[in-house]
Number of protein chains: 2
Amino acid sequence: MRKPKHKTVERLLKYLEYVKKKMNDGNMSVFSHELAKYVGVSPAQVRQDLMDLEIKGTPQSGYSVEEFFNAICSHLKCERKTKVILIGVGNLGKAILSYFLKRKSTLEIAAAFDSDAQKTGRIFSGTPILNIEEVEKYIKRERIKVAIITTPQESAQRIADLLVRAGIRSIVNFAPVMIQVPENVFVEQIDITLSIEKAAYFADETLEAK
Amino acid sequence: MRKPKHKTVERLLKYLEYVKKKMNDGNMSVFSHELAKYVGVSPAQVRQDLMDLEIKGTPQSGYSVEEFFNAICSHLKCERKTKVILIGVGNLGKAILSYFLKRKSTLEIAAAFDSDAQKTGRIFSGTPILNIEEVEKYIKRERIKVAIITTPQESAQRIADLLVRAGIRSIVNFAPVMIQVPENVFVEQIDITLSIEKAAYFADETLEAK
DNA sequence: AATTAAAGGTTAATAAATAAACAGGAGGGT
DNA sequence: ACCCTCCTGTTTATTTATTAACCTTTAATT
């Protein structure tokens, strides 16, 4: 079976959420059109995804939620939660921390870091906020491999350098600058402003078409 | 010339940013490899994008920033800023407001709305925060067509209904629920938690590959 | 004057993502 | 027993996105 690509991984993560809900509600099975509606894609798309994962269903009862859950988890390697850290407890950082608190995610934000002494030493949304000076020690001790940067633009590169030196292998960067890292470090750049601009563009498109 | 698709629009918006910088610095021209590095794609990709926009360059001086700027602006229809509103001035809402303040965007957040009387009546990051009860009047008076939802999950659907009733034609929704809207309303769902989970997944992938 | 290097323009090839189409089996009703 | 409907499994087609390859131009160099 071939590895899932970007869009597929997105959908699988969404399916996983829905399936968890169904399990909590005591359901034993789920249909492709339910998943399709929840995720916002066509049922055909769902079926094809599930085919790739080699999950079988029946026309009568759809797919077994248990089998489904296990299959996705093993493909996404999310049996045990990956520990990540977050740097920069500003508005965006706080927003992310509280999102993770509410949602049972495949990840766990083990700690957050900031340079502002007013923020450090407290717990926010269940996550301890530590001083940025401790981050290197922390990464090494806890063997953290993934970090989220939500600092201001100006500090992003400096923080990235620090993280890489300490052993971080992959970074999710929300600061609106391209950070430069060694080749063997993975970076995912997420630009919220741009996402909104894009949405607005396509909004216009569809308005005109009607 | 055919209309730019999703990924292309993303890149064009990034090019635009870089070109603005170059113009501010007094540069007259820009090369494909510069843009490529800034945006994180191959120079070939850049050239192809520019070809589609019918922007011509020369091997010696690359592309004219002015021509470039005008071409992108006209294709993205961003000559005059589109006014949008934001609902929900929590952590994420504030983060977005401050991002837009710093960055010269193609959009302008004309007003923000919240139900908390402690927040309303003030100005945050240059944007007035009004009471949610005024939103319908505001949308109609200012003919706003695009709205950003950054409320808690629980209120998202209710707010969406309200917005649609008031005349909003397209919504960027950050609340982690699929909102249901009439067919003629455009919705862009942005799930930050999911983006991070996805990034973590591909991080793992690349780690293993090495 | 010829050569080389750097950068753009174009076309073709490949890969990824999405959509469409259709056969087959199990229930349920007549 | 027959037909109808619903939903799955699979295949094929189509559209989007990305990459690679190759040619051309022009300035600098030898």
Side-chain angles (χ1 to χ4, degrees), chain A residues 1-15 18-19 22 27-65 67-68 71 75 189 198 201-202 205-206 209, chain B residues 1-15 18-19 22 27-68 71-72 75 188-189 194 198 201-202 205-206 209:
Chain A
M1 190 242 10
R2 53 174 228 284
K3 297 211 167 173
K5 308 300 176 191
H6 269 78
K7 293 285 185 173
T8 311
V9 171
E10 269 179 36
R11 288 193 300 270
L12 294 184
L13 286 165
K14 287 186 192 170
Y15 298 155
Y18 187 73
V19 166
K22 292 285 280 188
N27 289 85
M28 300 301 287
S29 61
V30 62
F31 292 108
S32 63
H33 63 259
E34 286 178 75
L35 290 159
K37 188 175 180 196
Y38 182 77
V39 172
V41 298
S42 69
Q45 179 79 78
V46 175
R47 291 205 301 277
Q48 204 165 58
D49 288 336
L50 300 202
M51 207 178 77
D52 289 346
L53 296 188
E54 288 163 354
I55 301 173
K56 302 285 178 182
T58 67
Q60 284 60 50
S61 47
Y63 303 89
S64 148
V65 288
E67 190 187 338
F68 197 147
H75 279 90
Q189 195 75 30
K198 195 181 76 168
Y201 172 78
F202 283 105
E205 284 281 286
T206 57
Chain B
M1 190 244 8
R2 54 173 226 285
K3 297 211 167 173
K5 309 300 177 190
H6 270 78
K7 293 285 185 172
T8 311
V9 171
E10 269 179 37
R11 287 193 300 270
L12 294 185
L13 286 164
K14 287 187 192 170
Y15 298 155
Y18 187 73
V19 167
K22 293 285 280 189
N27 289 85
M28 299 302 286
S29 62
V30 62
F31 292 107
S32 63
H33 63 260
E34 287 177 76
L35 291 159
K37 189 176 180 195
Y38 182 77
V39 172
V41 297
S42 69
Q45 179 79 79
V46 175
R47 290 205 301 277
Q48 203 165 60
D49 287 337
L50 300 202
M51 204 178 78
D52 289 345
L53 296 188
E54 288 162 355
I55 301 172
K56 303 284 177 183
T58 67
Q60 285 59 51
S61 47
Y63 304 90
S64 148
V65 288
E66 197 181 328
E67 189 187 339
F68 197 148
I72 294 192
H75 279 90
E188 172 94 358
Q189 195 75 30
L194 189 127
K198 194 180 76 168
Y201 171 78
F202 284 105
E205 284 281 286
T206 58

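Quick note on labels: first sequence line is chain A, next is B, and so on, each numbered from 1.
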From Ile55(A), Val39(A), Leu53(A), residue fulfilling side-chain contact (heavy atoms from CB on, under 4.5 Å) relative to Tyr15(A): Val39(A)

Less than 3.5 Å apart, which donor and acceptor atoms pair up between the side chains of residues 27-34 of chain B and the rest of the protein, not counting sequence neighbours?
from, atom 1, to, atom 2, distance (Å)
Ser29(B), OG, Ser61(B), O, 3.0
Glu34(B), OE1, Tyr18(B), OH, 2.9
Glu34(B), OE1, Lys22(B), NZ, 2.8
Glu34(B), OE2, Phe31(B), N, 2.8

To the nearest Å, how far apart are Glu34(B) CD and dA6(C) P? 16 Å

Determine the contact category for Ser32(B): base if any of its heavy atoms lies under 4.0 Å from a base atom, sugar-phosphate if only primed atoms, P, OP1 or OP2 are that close, otherwise nothing. sugar-phosphate

Closest-nucleotide mapping onto DNA chain C: is Gln45(A) or Gln60(A) further toward the 5' terminus? I mean the 5' end. Gln45(A)

Hey, are the side chains of Val9(B) and Leu13(B) touching, using non-hydrogen atoms and a 4.5 Å cut-off? yes

Interatomic distance, Arg11(A) CZ vs dA19(C) C1' [rounded to whole Å]: 12 Å

Atom NZ of Lys5(B) and atom P of dA19(C) are separated, to the nearest Å, by 13 Å

Without decimals, in angstroms, what is the distance between Asp52(A) CG and dT18(C) P? 13 Å

Please find the pair of heavy atoms, one from His75(A) and one from Tyr201(B), that lie closest to each other, and give the distance. O-CE1, 3.8 Å

Take atom CG of Leu12(A) and atom C1' of dA17(C), then tell me their distance rounded to the nearest Å. 14 Å

Between Lys7(A) (NZ) and dA15(C) (C1'), how many Å, whole number? 15 Å

Whole-Å distance separating the CD atom of Gln48(B) from the P atom of dT14(C): 16 Å

Just wondering, do Arg11(A) and Thr8(A) contact through their side chains at under 4.5 Å, heavy atoms? yes

So which atom in Ala36(B) and which in Ser42(B) form the shortest heavy-atom distance, rounded to 0.1 Å? CB-C, 3.8 Å

Could you check how far CD1 of Ile55(B) sits from C1' of dT10(C), rounded to whole Å? 16 Å

Where chain B begins and ends its contact with DNA chain D, read 5' to 3' at 4.0 Å from heavy atoms: dT16(D) to dA27(D)

